[in-house]
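Numbers restart at 1 for each chain; the letters A, B, ... are given by sequence-line order, proteins then strands.
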Amino acid sequence: MKPVLIKHLGQHKDQEVFIRGWLYNMRSSGKIIFLIVRDGTGLVQGVVVKKEIGEEIFKIARNITQESSLEIRGTAREEPRSPGGFEIQISSLKVLHLAEPYPISLKEHGVDFLAERRHLWLRTPRQSALIRIRSELEKSCRDFLHDRDFILADAPIITPTACEGTTNLFEIDYHGEKAYLSQSGQLYNEATAMALGRVYSFGPTFRAEKSKTRRHLMEFWMLEAEAAFIEFEENIRLQEELISFLVQQVLEKNKRDLDLLQRDPSTLANVAPPFPRMSYTEAVDFLKGRGVDFKWGDDFGAFDETIISRNFDLPVFIHRFPAGIKAFYMKCDEENPEVVLGADLLAPEGYGEIIGGGQRIEDLEILKERLLLHKLPLEDFEWYLDLRRYGSVPHSGFGLGLERLLAWVSGIDHVREAIPFPRMLYRMCP
RNA sequence: UCCUCGAUAGCUCAACGGUAGAGCAACCGGCUGUUAACCGGUAGGUUGUAGGUUCGAAUCCUACUCGGGGAGCCA
């Protein structure tokens, strides 16, 4: 008999089925046992009745420990009292491995205790739901971009120099030479965009800053898209369409998971273009109007971002920042050269920045000036400058932080749950 | 790096200068429809480490270790 996944039980109503999985929980009374079994796709309740299955198997069933692996066979029935809506009247069962006493009970635990057992914590319904939503987000990112003729061109993880030169990098020994783990694939994406037109990369990114907040990881996944001939406005439209598509896909494909996380879908349901926009200057005025002491030219802090984003139900773009607080490659606005054609997307509900992007400088001389202004060594960027020597074109791109997006969509309060094995300031095990 | 909070049974916590306790988990028993089931019983502790104050410290003080939350930086 072929095994059936728990999530497909609806297709096997009143049929004999074969389920393989792990024991999630058990409740028993003298003559009846309820085995709650999980297989990664859902939960199902197996019912073992003493007089039907016999003394011997009943005794085995009663002694199965939490997270033991097992196989069960029986008839699938609709049953509203069962988690998942189906239960299996068990006719036979086989314990594949009797688990040792399981450390993670179904009761409350602290974050420290759970983090040390992340490899087991992932088995809980809530954590599994988050990983399923993450999987859907990653797939949908790829679907969206492929539909729009973007080509996947992954960027290197080991890099010889700092891409943007500003933040702390993880240094590694590259056969005697210093090298660094990538903090952004963008410069490489600009190169592949000039080769292929529209490209994206999707992979891990590393930041060695000693950040210790609910929004920071040392290692996180970033989708970075870059497109030749796309300018500032089109870039923003692409981003709002992408985010809207991602949210709609999750609403459609991960209903059960959102439900499990107690995420109210109505707050996500109206995520559709266009998103509200505020220029940096408007945002500064807005903050001042709320009594915040803020000087034009300073960068927003987490506090400022929260005040701004709380004012909208949708993600909000903050655009046209002062050149001084943004990366060297940002193109200046022709109508106001003090500001650059960059935009950050702030998620609602205080989840912070989920996208940073903008139009890049295509002029060789201006780019050189900006590198010097940022005190970056020109020789390290010669290959990057080549992109402005051989058929330079207007181009734009953006980087989307997967864990922050997932944290917002799922309504969780910390990015550590948004990746299977988080790397944090004081924790990298398991 | 800075600010702030914390560490007591396997887990979550209580005990606020005077004999360290509860719920859950574990183990034993009971229960034919349970819903982090319930009921009865058993066992479980060098109170993070080191020092100090005190007749007496889980409790007050100092240092250290480990961790949580936040700032800066960013996605």
Please classify the nucleic acid contact of A:Tyr426 as base, sugar-phosphate, or nothing, using heavy-atom distances under 4.0 Å.
sugar-phosphate

Below 4.0 Å: OP1/OP2 of B:U32 and any side-chain N or O of A:Arg27:
no

Can you tell me, in whole Å, how much space there is between the P of B:U1 and that of B:A9?
30 Å

Atom-to-atom span, CG of A:Leu106 to C1' of B:C11 - whole angstrom
12 Å

Within 45° cone and under 6.0 Å: A:Arg117 NZ/CZ vs A:Phe113 ring
yes

Taking 4.0 angstrom as the limit, do A:Glu55 and A:Lys59 come out as a salt bridge?
no

Name the nucleic acid region contacted by A:Arg77, choosing base, sugar-phosphate or nothing; use a 4.0 angstrom heavy-atom cut-off, strictly under.
base

Please give the distance between the P atoms of B:G18 and B:C27 as a whole number of Å.
38 Å

For atom CG of A:Asp112 and atom P of B:C11, their distance in whole Å
10 Å

P atoms of B:A7 and B:A15, separation to the nearest Å:
11 Å

Could you work out the separation of B:A22 and B:A14 based on their C1' atoms and round it to a whole Å?
7 Å

Between A:Glu233 and A:Arg277, does any side-chain N to carboxylate O distance fall below 4.0 Å?
yes

Do A:Gln186 and A:Tyr329 pass the side chain to side chain donor-acceptor pair (under 3.5 Å) test, and can you show the C-alpha distance, the side-chain angles, and the key distance before you say yes or no?
CA-CA 10 Å; A:Gln186 188 206 306; A:Tyr329 47 73; 2.8 Å; yes

Mind checking A:Glu108 for me? I need base, sugar-phosphate or nothing, with any heavy atom below 4.0 Å counting as a touch.
base

On a whole-Å scale, what distance lies between the C1' atoms belonging to B:A25 and B:G10?
7 Å

Select base, sugar-phosphate, or nothing to describe what A:Thr205 touches, counting heavy atoms under 4.0 Å on all strands.
nothing

With a 4.0 Å cut-off on heavy atoms, is A:Glu79 in touch with a base, just the backbone sugar-phosphate, or nothing at all?
base

Identify whether any heavy atom of A:Gly352 sits under 4.0 Å from a base atom; if not, whether one sits that close to sugar-phosphate; answer base, sugar-phosphate or nothing.
nothing

Counting only distance, no hydrogens or angles, is the base of B:G33 paired donor-acceptor with the side chain of A:Glu87 under 3.5 Å?
yes

For the base of B:G68, is there a side-chain donor-acceptor partner from A:Lys212 under 3.5 Å away?
yes

Heavy-atom side-chain contact between A:Phe300 and A:Leu287 under 4.5 Å:
yes

Exactly one candidate in A:Lys331, A:Glu231, A:Arg360 meets side chain to side chain contact (heavy atoms under 4.5 Å, CB included) with A:His395; the answer is A:Arg360

Exactly one candidate in A:Leu223, A:Val250, A:Val247, A:Asn254 meets side chain to side chain contact (heavy atoms under 4.5 Å, CB included) with A:Leu137; the answer is A:Val250

Write down the distance between CD1 (A:Ile355) and P (B:C74), rounded to a whole number of angstrom.
17 Å

Note, RNA chain B 5' to 3' with Watson-Crick or G-U pairs under 3.5 Å encoded as ( ), [ ], | and . gives (((((((..((((....[..)))).(((((.......))))).....(((((..]....))))))))))))....

Contact class for A:Lys50 vs. all strands (heavy atom < 4.0 Å): base, sugar-phosphate, or nothing?
nothing

Go through the steps to decide whether A:Arg81 and A:Gln45 satisfy the test side chain to side chain donor-acceptor pair (under 3.5 Å), and finish with yes or no.
CA-CA 9 Å; A:Arg81 287 172 292 185; A:Gln45 171 169 286; over 6 Å; no

In this structure, how many angstroms lie between the P atom of B:A75 and the CD1 atom of A:Ile419, rounded?
16 Å

How far does the C1' atom of B:G6 sit from the matching atom of B:U47, given to the nearest Å?
14 Å

Check whether any side-chain nitrogen or oxygen of A:Lys107 sits under 4.0 Å from OP1 or OP2 of B:C24, and answer yes or no.
no

Under 4.0 angstrom, heavy atoms only, what part of the nucleic acid is A:Asp299 near: base, sugar-phosphate, or nothing?
sugar-phosphate

With heavy atoms under 4.0 Å as the rule, sort A:Arg126 into base, sugar-phosphate or nothing.
nothing

What is the distance, rounded to the nearest whole Å, between atom NZ of A:Lys51 and atom C1' of B:C31?
16 Å

Starting at the 5' end of RNA chain B and moving along, which residue's nearest nucleotide shows up first, A:Arg404 or A:Phe34?
A:Phe34

Send over the distance from A:Gln66 CD to B:C27 P, rounded to a whole Å.
11 Å

Side-chain N or O of A:Arg215 closer than 4.0 Å to phosphate OP1/OP2 of B:G69:
no

It should be established whether A:His109 places a side-chain nitrogen or oxygen under 4.0 Å from OP1 or OP2 of nucleotide B:C24.
no

Under the criterion salt bridge (charged side-chain N to carboxylate O under 4.0 Å, His left out), I'd like the reasoning laid out for A:Glu305 against A:Arg404: C-alpha separation, chi angles, the key distance, then a yes or no.
CA-CA 14 Å; A:Glu305 285 187 356; A:Arg404 283 191 186 171; over 6 Å; no

Contacts of A:Leu425 and A:Val47 projected onto RNA chain B by closest heavy atom; the upstream (5') one is A:Leu425

Could you measure between the two P atoms, the one in B:U59 and the one in B:U46, and give it in whole Å?
16 Å

Give one of base, sugar-phosphate or nothing for A:Ala302, where a contact means two heavy atoms less than 4.0 Å apart.
sugar-phosphate

For the base of B:C24, is there a side-chain donor-acceptor partner from A:Ser105 under 3.5 Å away?
no

Expressed in whole Å, how much space separates the C1' atoms belonging to B:U49 and B:U8?
15 Å

I would like to know whether A:Glu87 and A:Arg77 meet salt bridge (charged side-chain N to carboxylate O under 4.0 Å, His left out); could you show each step before the answer?
CA-CA 5 Å; A:Glu87 75 173 16; A:Arg77 289 191 313 223; 2.5 Å; yes

Name the nucleic acid region contacted by A:Leu217, choosing base, sugar-phosphate or nothing; use a 4.0 angstrom heavy-atom cut-off, strictly under.
base

